[in-house]
> 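Sending over a structure as structure tokens; questions will come in a sec.
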Amino acid sequence: MPELPEVETIAAGVHARVHGARIARVWHSEKPQTFKSPAEEIARALTGVLISSVRRVGKTIVMTVERKKSSTEFLIHLGMTGRLLVSAPDVPLATHTHMILTLDDGRQIRFVDPRRFGRLSLQPADTPYTGPGSEPLTISQSDFSALFHPRHTPIKAALLNQSLLHGVGNIYADEALFRSSVRPTRLAASLTRIELTCLRTSLLDVLRQAIQLGGSSVSDYVDADGARGFFQLEHRVYQRTNQPCLVCKSPIRRIVLAGRSTHFCSHCQK
DNA sequence: AGGTTGACCTGGACGC
DNA sequence: TGCGTCCAGGTCAACC
């Protein structure tokens, strides 16, 4: 489900609500696939700890917890349909709830994930989680260009490769490529220096605007309060197949690239 | 080694 | 109403 702006919105929302709180007890489902570290180990590591922060790294939510002098990072990857909610205890449990962290004051942090592509894990001690790739919001233009220029794969596939940039997914890849007038099928190595500059600028614009609007709610995305985002109203190509391009009125095309549906304007994007 | 494809899951939308 | 098909915002193992 969620890409960088959605994960950013969720992490910030959860942080604001629970930082400084203590986890009194932990419940988990019996779906082993969800737990990249054994569920019992996660439960043990989180029971009785103080939540010091919740932040985003790539598409992963990192919850840092403290016990006495030692700190641990709990990693939450939402996959396609994962949700992290802060709920009052009397709110009915959603189906597909896989973990509940009950706080001292009774509130609960709930991880819900129907499709079970999400993953929960513990980061090894003393090695802060940095994610697989570079951070799109802070990478320099020269690093950005150096990352993509050697790649002999379609630029769309390269943008989705989390070991290059982490945090960009299908929606924002399509939207950034449209705004920079670059066709998704172009080999990354074929982009000129100017096109790479334009692409990074467009990507930053799209991600920042989406964060401001609370992310895109395409189907079931909601933030920590269960509220929907509004960036879907700003989509110019994503899920607009056959609708007129907002610039030139040509119908938006949909193809499958890197196994993902890909939307673009064949007139505006060269 | 880098690039590509299919498998992993459930549920909603749509057509008959 | 009910069944079948297709589609979905992400990864990762297994292949070329």
Side-chain angles (χ1 to χ4, degrees), chain A residues 1-11 29-37 56-61 75-84 94-98 111-121 129 131-133 136 146-178 184-190 203 206-207 209-211 213-223 228-242 254-264:
Chain A
M1 143 185 105
E3 307 181 30
L4 187 152
E6 293 76 36
V7 179
E8 177 81 22
T9 303
I10 293 166
S29 72
E30 299 297 333
K31 298 287 189 189
Q33 182 199 46
T34 298
F35 304 97
K36 213 162 134 190
S37 311
R56 174 197 65 79
V57 175
K59 292 177 195 169
T60 299
I61 297 170
L75 307 185
I76 302 142
H77 195 294
L78 300 173
M80 295 269 263
T81 53
R83 296 158 60 170
L84 196 65
T95 46
H96 309 292
T97 298
H98 297 298
F111 176 70
V112 181
D113 185 16
R115 248 174 112 180
R116 279 189 273 140
F117 285 178
R119 293 290 178 271
L120 305 179
S121 61
Y129 181 74
L147 220 44
F148 290 99
H149 188 252
R151 295 283 156 169
H152 292 271
T153 188
I155 184 63
K156 165 79 182 270
L159 282 170
L160 294 179
N161 182 343
Q162 302 294 298
S163 67
L164 302 177
L165 281 188
H166 58 206
V168 180
N170 208 32
I171 294 178
Y172 299 101
D174 279 6
E175 292 297 320
L177 286 166
F178 175 77
T185 50
R186 288 269 303 282
L187 292 188
S190 79
L203 184 59
V206 158
L207 294 175
Q209 193 192 356
I211 291 169
L213 294 177
S216 298
S217 292
V218 173
S219 61
D220 51 6
Y221 159 74
V222 290
D223 71 10
R228 293 166 62 83
F230 292 98
F231 189 74
Q232 68 278 9
L233 303 173
E234 304 292 327
H235 293 173
R236 297 185 193 168
V237 285
Y238 182 75
Q239 285 191 348
R240 293 195 64 245
T241 310
N242 292 330
R254 175 187 180 277
I255 60 172
V256 175
L257 182 53
R260 314 301 303 282
S261 76
T262 297
H263 313 75
F264 68 100

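Note: hydrogens, waters and symmetry copies are ignored here, and every other heavy atom, side chains too, is used. Since the model is a prediction, treat every value here as computed from it, not as a measurement. We name chains A, B, ... by the order of the sequence lines, and we start the count at 1 in each one.
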> List the residues meeting side chain to side chain contact (heavy atoms under 4.5 Å, CB included) with Ala173(A), not counting sequence neighbours, and say none if there are none.
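With sequence neighbours excluded, Ala173(A) shows a side chain to side chain contact (heavy atoms under 4.5 Å, CB included) to Lys156(A), Leu159(A), Leu160(A), Val168(A), given in chain and number order.
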> Lys31(A) has an atom NZ; how far is it from atom C1' of dC8(B), in whole Å?
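After rounding, the reported distance stands at 14 Å.
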> Does Ala94(A) have any side chain to side chain contact (heavy atoms under 4.5 Å, CB included) partners at least two apart in sequence or in another chain, and if so, which?
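Thr97(A), Val112(A).
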> Do side-chain atoms of Thr81(A) reach the backbone of Gly79(A) as a donor and acceptor pair under 3.5 angstrom?
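No, because the side chain of Thr81(A) does not come within donor-acceptor range (under 3.5 Å) of the backbone of Gly79(A).
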> What protein N or O atoms touch nucleotides 11-14 of chain C N or O atoms at under 3.5 angstrom, if any, and at what distances?
| from | atom 1 | to | atom 2 | distance (Å) |
| --- | --- | --- | --- | --- |
| dT11(C) | OP1 | His77(A) | NE2 | 2.5 |
| dT11(C) | OP2 | Lys59(A) | NZ | 2.6 |

> Residues two or more places apart in sequence or in another chain: which of them pass side chain to side chain contact (heavy atoms under 4.5 Å, CB included) with Ala258(A)?
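Ala157(A).
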> Whole Å only: how far is the CZ atom of Arg119(A) from the P atom of dA7(B)?
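In whole Å, dA7(B) P and Arg119(A) CZ are 17 Å from each other.
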> Starting at atom CZ of Arg83(A), determine the distance to atom P of dG11(B), rounded to an integer number of angstrom.
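For the pair Arg83(A) CZ and dG11(B) P, the rounded distance is 13 Å.
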> Go through it in stages, so that I can follow the logic: the residues are Tyr238(A) and Phe231(A), the test is ring pair (Phe, Tyr, Trp, His ring centres under 6.0 Å), and I'd like the CA-CA distance, side-chain angles, deciding distance and then a yes or no.
CA-CA 11 Å; Tyr238(A) 182 75; Phe231(A) 189 74; over 10 Å; no
> Atom CD of Gln239(A) to atom P of dC14(B): distance rounded to whole Å?
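Atom CD in Gln239(A) sits about 12 Å away from atom P in dC14(B).
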> OP1 or OP2 of dC8(B) sitting under 4.0 Å from any side-chain N/O of Gln33(A)?
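So the side chain of Gln33(A) is outside the cut-off, no N or O lying under 4.0 Å from OP1 or OP2 of dC8(B).
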> Hey, does the side chain of His166(A) come within less than 4.0 Å of dG10(C)'s phosphate (OP1/OP2), counting only N and O?
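For dG10(C), OP1/OP2 do not have a side-chain N/O of His166(A) under 4.0 Å.
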> Once you apply a heavy-atom cut-off of 4.0 Å, does Gly169(A) come out as touching a base, just sugar-phosphate, or nothing?
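Sugar-phosphate, no base atom in range.
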> Using the rule given for side-chain contact (heavy atoms from CB on, under 4.5 Å), can you reason through Thr60(A) versus His77(A), listing the C-alpha separation, both sets of side-chain angles and the distance that settles it, and then say yes or no?
CA-CA 5 Å; Thr60(A) 299; His77(A) 195 294; 3.6 Å; yes
> If you take all heavy atoms of Thr241(A) and His263(A), which pair is closest and at what distance?
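Nearest pair, atom of Thr241(A) first, then His263(A): OG1-CD2, 3.4 Å.
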> What N/O pairs connect the protein and nucleotides 1-4 of chain B at under 3.5 Å? Give each pair on its own line.
| from | atom 1 | to | atom 2 | distance (Å) |
| --- | --- | --- | --- | --- |
| dG3(B) | OP1 | His152(A) | N | 2.9 |
| dG3(B) | OP2 | Arg151(A) | NH1 | 2.6 |
| dT4(B) | OP2 | Thr153(A) | OG1 | 2.4 |

> Using a 3.5 Å cut-off on both pairing distances, which stems of three or more Watson-Crick or G-U pairs include DNA chain C?
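Stems (3+ consecutive pairs) listed as B:2-8 with C:10-16, B:10-16 with C:2-8.
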> dC7(C) P sits how many Å from Ile255(A) CD1, rounded?
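Spelled out: CD1 on Ile255(A) to P on dC7(C) is 15 Å.
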> Grab the CG-P distance between Asp113(A) and dT10(B) for me, whole Å please.
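In whole Å, dT10(B) P and Asp113(A) CG are 11 Å from each other.
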> Going by heavy atoms in the side chains, are Thr262(A) and Val237(A) under 4.5 Å from each other?
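A side-chain contact under 4.5 Å is absent here.
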> Return the orientation label for the Tyr172(A) and His235(A) ring planes: parallel under 30°, perpendicular over 60°, tilted otherwise.
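Ring orientation of Tyr172(A) relative to His235(A): perpendicular.
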> State, to 0.1 Å, how close Leu78(A) and Leu84(A) come at their nearest heavy-atom pair, and which atoms those are.
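Looking at all heavy atoms of both residues, the closest pair is CD2-N, 4.4 Å.
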> Please report the closest heavy-atom contact between Glu6(A) and Ser216(A), naming both atoms and the distance.
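Of all heavy-atom pairs spanning Glu6(A) and Ser216(A), the closest is OE2-N, 2.8 Å.
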> With rounding to whole Å, what would you report as the distance between dA14(C) and dC9(B) at their P atoms?
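Comparing P positions in dA14(C) and dC9(B) gives a spacing of 15 Å.
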> Any side-chain N or O of Arg115(A) under 4.0 Å from OP1/OP2 of dG10(C)?
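No.
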> Provide, to the nearest angstrom, the distance between the CG atom belonging to Leu78(A) and the C1' atom belonging to dC8(B).
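Taking CG of Leu78(A) and C1' of dC8(B), I get 17 Å after rounding.
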> Which whole-number value in Å describes the distance from Arg116(A) CZ to dC8(B) P?
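These atoms are roughly 12 Å apart.
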> Identify the heavy atoms of Glu3(A) and Gly169(A) that sit nearest to each other, and give their distance.
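So the minimum-distance heavy-atom pair works out to OE1-N, 2.8 Å.
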> Between Thr81(A) and dA8(C), is there a contact of a side-chain N or O with OP1 or OP2 at under 4.0 Å?
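Negative; the distance criterion is not met.
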